[in-house]
Trainee: 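The structure that follows is given in the form of structure tokens.
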Number of protein chains: 2
Amino acid sequence: MPKSKRLLEMMMTVNRKRKFTVSELANEFGVSGRTILRDLQELSELGVPLYSEVGPHGGYHVLKERILPPIAFSEEEAVAIFFAIHALRHHTSLPFETESSSALNKFYQFMPPDIRDRIDQMKRRVDFVTPKRQASSPHLSTLLDAAIQQKVLSITYETRGQQSTREIQPIGIYTKNGLWYSPAYCYQHQDIRVFRCDRIHDVVPSALTPLDLRDIHLENRQVKTVEDQDTVHLFAELTIEGVQACEAELWLASMLHVRQDGSGWLEGNVSRSDILFFAKFLIGLGKEVSVQHSPEIIDGIKAYLAELMNIYSQ
Amino acid sequence: MPKSKRLLEMMMTVNRKRKFTVSELANEFGVSGRTILRDLQELSELGVPLYSEVGPHGGYHVLKERILPPIAFSEEEAVAIFFAIHALRHHTSLPFETESSSALNKFYQFMPPDIRDRIDQMKRRVDFVTPKRQASSPHLSTLLDAAIQQKVLSITYETRGQQSTREIQPIGIYTKNGLWYSPAYCYQHQDIRVFRCDRIHDVVPSALTPLDLRDIHLENRQVKTVEDQDTVHLFAELTIEGVQACEAELWLASMLHVRQDGSGWLEGNVSRSDILFFAKFLIGLGKEVSVQHSPEIIDGIKAYLAELMNIYSQ
DNA sequence: GATAATAGTGACAGGAATTGTCATAATAAA
DNA sequence: TTTATTATGACAATTCCTGTCACTATTATC
């Protein structure tokens, strides 16, 4: 094999095994150890972060960095990747230990200059916004790790300013709207609940035996949500603006129906304990909504309106 | 220069110039044309997408793909990049022509197997959610292009189901909550307004002379908003929940002040014509806000509340 | 239709770079 | 001390790379 090819292949091999000895590679490539030594030095000079130790149990390893082999990206792809990484900067917490900025810098650094120019021009003209929250979620990697390795955690969780302890087995984590959430099986409720990660104040491993939740993950967990409870029926007409406002709310998706002309209606069952919440939301929609059902919800709205009136009349 | 180095350098060079001839390279590298031909063939075999045409004005070009040279990423960085790109799949429209999935595949393909394993384990346990919208925004690249190149566009824009034509000069585009927006100078209003991209139905270049808005971009455009006009002063106390709700609204950023304990206040000048808008928004915040100034705004709120009461009392 | 500019191939000799071997250090674990 | 490992240098053998030359093929332009 000619040297140039060997070098490229060696780059990959060295990347795969993170630890290896010279004679090992010599066998694999069918060349002498001396040649391997010379090649490894060249790889070093090319930027592959190699590190060696002499003596028994010594050998080479690649530092924690890995080399990405040359990849052919189209310009569009490269730009898309750049902005995808760029968007990570909006997140105050991430489940990865790295600052995304270091990855971004490397990527930017290695772009051909004309793509760099294009990116520069776009940088202040395109953005993927995530609302900035001050709430930080320090336990993301622990939660994620528990989800992957099927571990039970004992957490202190804050609800309405009160702290309580719970045993949970996380299913995964996701971020939406600037906050992180973790759906997890809660041993206290014996059911899958969603926890807000910034309200999880303390996490320790629990001694409880984990359930086998390997087949439950972020994409299929919804199946488990409640159907039972004590509910009332909601029906509300929406103007075009009303529809547009509702579209912004993910949790309404299943209730929202849109007509051809852009107007629509909300229809579905609302848990009795959520009436106040819905009342507030519907008031927020103002005259863009006309609530027709049920009386309980309308009463809730009236009551809340009266409270507000009261406040503003003082 | 030894061949192996020449090949790597050639990879970059070929990437920089997208079009070149054999003799051009031969000069640059100080080798014969024959050698260049041989090298180019090797590059081809290594996956660099080269394409050649004979005859005058012929020559080589790289297909639209570019080669990314070998980059050293740490494992954490690689994983972060993967999920950043993965998150793009939530967007129904993007200003790039590419499907992000192709970039993702390439990236994944070239990862060392152990990182691939790690990604596989995480894939269904981590997500960056953006609400899925049915509304698609087909003109994103046109708008972005206009923002970069300082062009004026004539658009048909839908408000309240009515179509109108406007001349705008885009400042940039951003996505939030699954929808795309474009702040732009509107020649009809003679001011910077934010347009929802999915409501822009038709875009054609306009003959109007562009303004010089090169120094106005997504990050500083707030500064330019009105200072003159007929305004009233807003001051409103916010509870912790109130602050969180306001943080979700980008346009409030300049008015929002947060205290150590998470509570805060809104303070700033509000154009008289926006009082109704603010009244609705503040009512939406319910008891999480206590409006203390100015009387005009409080009156606006009361009036709107009364209207609502009226509706719900029927 | 001639001309010039371009890519593409094959053969071959000379030269340059690569390789293997051997000798020898140095180091650290067992 | 022994052994497994990296590390370096020198040199001859040999592989491979390179340049040259002689072609062919294609196409834009005059």
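Computed over heavy atoms, backbone and side chain alike; hydrogens, waters and symmetry mates excluded. Chain identifiers are assigned alphabetically (A, B, ...) following the order of the sequence lines, protein sequences preceding nucleic acid strands; residue numbering begins at 1 within each chain.
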Trainee: Rounded to the nearest 0.5 Å, how far does CD1 of B:Ile216 lie from CZ of A:Arg124?
Mentor: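 Here the rounded value is 12.5 Å.
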Trainee: Once side chain to side chain contact (heavy atoms under 4.5 Å, CB included) is applied, do any residues pair with A:Ser154, and if so which ones, sequence neighbours excluded?
Mentor: A:Thr165, A:Glu167, A:Val204, A:Ser206
Trainee: More than 12 foreign heavy atoms under 6.0 Å from CG of A:Asp215: is that the case here?
Mentor: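 Counting neighbours around CG of A:Asp215, 12 or fewer heavy atoms of other residues, nucleotides or ligands fall under 6.0 Å, so no.
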Trainee: Is the charged tip of B:Arg116 near the ring of B:Tyr108: under 6.0 Å from the six-membered ring centre and within 45° of its axis?
Mentor: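 So B:Arg116 does make the cation-pi contact.
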Trainee: Students often mix this up, so state it plainly: with edges at 30° and 60°, are the rings of A:His91 and B:Phe128 parallel, tilted or perpendicular?
Mentor: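 Correct class here is perpendicular.
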Trainee: A:Arg18: which residues meet the side chain to side chain contact (heavy atoms under 4.5 Å, CB included) condition with it, sequence neighbours left out?
Mentor: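 A:Lys64, A:Arg66, B:Glu75, B:Asp114.
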Trainee: With sequence neighbours left out, write down each residue that passes salt bridge (Lys or Arg N to Asp or Glu O under 4.0 Å) with B:Glu9, or none if nothing qualifies.
Mentor: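 Per chain and number, B:Glu9 pairs via salt bridge (Lys or Arg N to Asp or Glu O under 4.0 Å) with no residue.
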Trainee: Just jot down the side chain to side chain donor-acceptor pair (under 3.5 Å) partners of B:Asp39, sequence neighbours excluded, or say none.
Mentor: B:Arg6
Trainee: Below 4.0 Å from chain A heavy atoms, what is the first contacting nucleotide of DNA chain C and what is the last?
Mentor: C:dT18 to C:dA30
Trainee: Is the B:Phe82 ring parallel, tilted or perpendicular to the B:His86 ring (thresholds 30°, 60°)?
Mentor: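 Ring orientation of B:Phe82 relative to B:His86: tilted.
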Trainee: Assess, by modelled atom type and distance only, whether the side chains of A:Tyr181 and B:Asp127 contain a donor and an acceptor separated by less than 3.5 Å.
Mentor: no
Trainee: Give me the residues of residues 7-19 of chain B where at least one heavy atom lies under 4.0 Å from an atom of DNA chain C, by number, or none.
Mentor: none
Trainee: List for me each residue that meets salt bridge (Lys or Arg N to Asp or Glu O under 4.0 Å) alongside B:Lys3, sequence neighbours excluded, and say none if there are none.
Mentor: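 Salt bridge (Lys or Arg N to Asp or Glu O under 4.0 Å) list for B:Lys3, sorted by chain: B:Glu42.
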Trainee: Report yes or no: do B:Gln109 and B:Asn105 form a side-chain donor-acceptor pair below 3.5 Å?
Mentor: no
Trainee: If you restrict it to nitrogen or oxygen atoms, what contacts under 3.5 Å exist between nucleotides 12-14 of chain D and the protein, and what is each distance?
Mentor:
none

Trainee: List in numerical order all residues of residues 49-62 of chain B for which some heavy atom is under 4.0 Å away from an atom belonging to DNA chain C.
Mentor: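 Per residue number, the list reads B:Ser52, B:Glu53, B:Val54, B:Gly55, B:Pro56, B:Gly59, B:Tyr60.
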Trainee: I'd like to know if the side chain of B:Arg125 reaches the main chain of A:Ile173, judged simply by a donor and an acceptor atom lying under 3.5 Å from each other, with no hydrogens or angles considered.
Mentor: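 Side chain of B:Arg125 to backbone of A:Ile173: no pair is present.
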Trainee: End-to-end bend of the helix from C:dG1-D:dC30 to C:dA30-D:dT1 (five-pair axes, 10° rounding)?
Mentor: 40°
Trainee: What distance separates A:Leu25 CG from A:Thr35 OG1, expressed to the nearest 0.5 Å?
Mentor: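 One gets 12.0 Å once the value is rounded to the nearest 0.5 Å.
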Trainee: Taking B:Trp180 for the side chain and B:Ser137 for the main chain, is one N or O donor matched with an acceptor at less than 3.5 Å?
Mentor: no
Trainee: Let me know the distance between NZ of A:Lys3 and P of D:dC16, rounded to the nearest Å.
Mentor: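 One finds 13 Å between P of D:dC16 and NZ of A:Lys3, rounded.
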Trainee: Tell me if a side-chain donor or acceptor on A:Thr156 pairs with a main-chain N or O of A:Asp202 at a distance below 3.5 Å.
Mentor: yes
Trainee: Contact list please: residues 20-44 of chain B against DNA chain C, heavy atoms, distance less than 4.0 Å, in numerical order.
Mentor: B:Thr21, B:Val22, B:Arg34, B:Leu37
Trainee: B:Lys19: which residues meet the side chain to side chain contact (heavy atoms under 4.5 Å, CB included) condition with it, sequence neighbours left out?
Mentor: B:His61
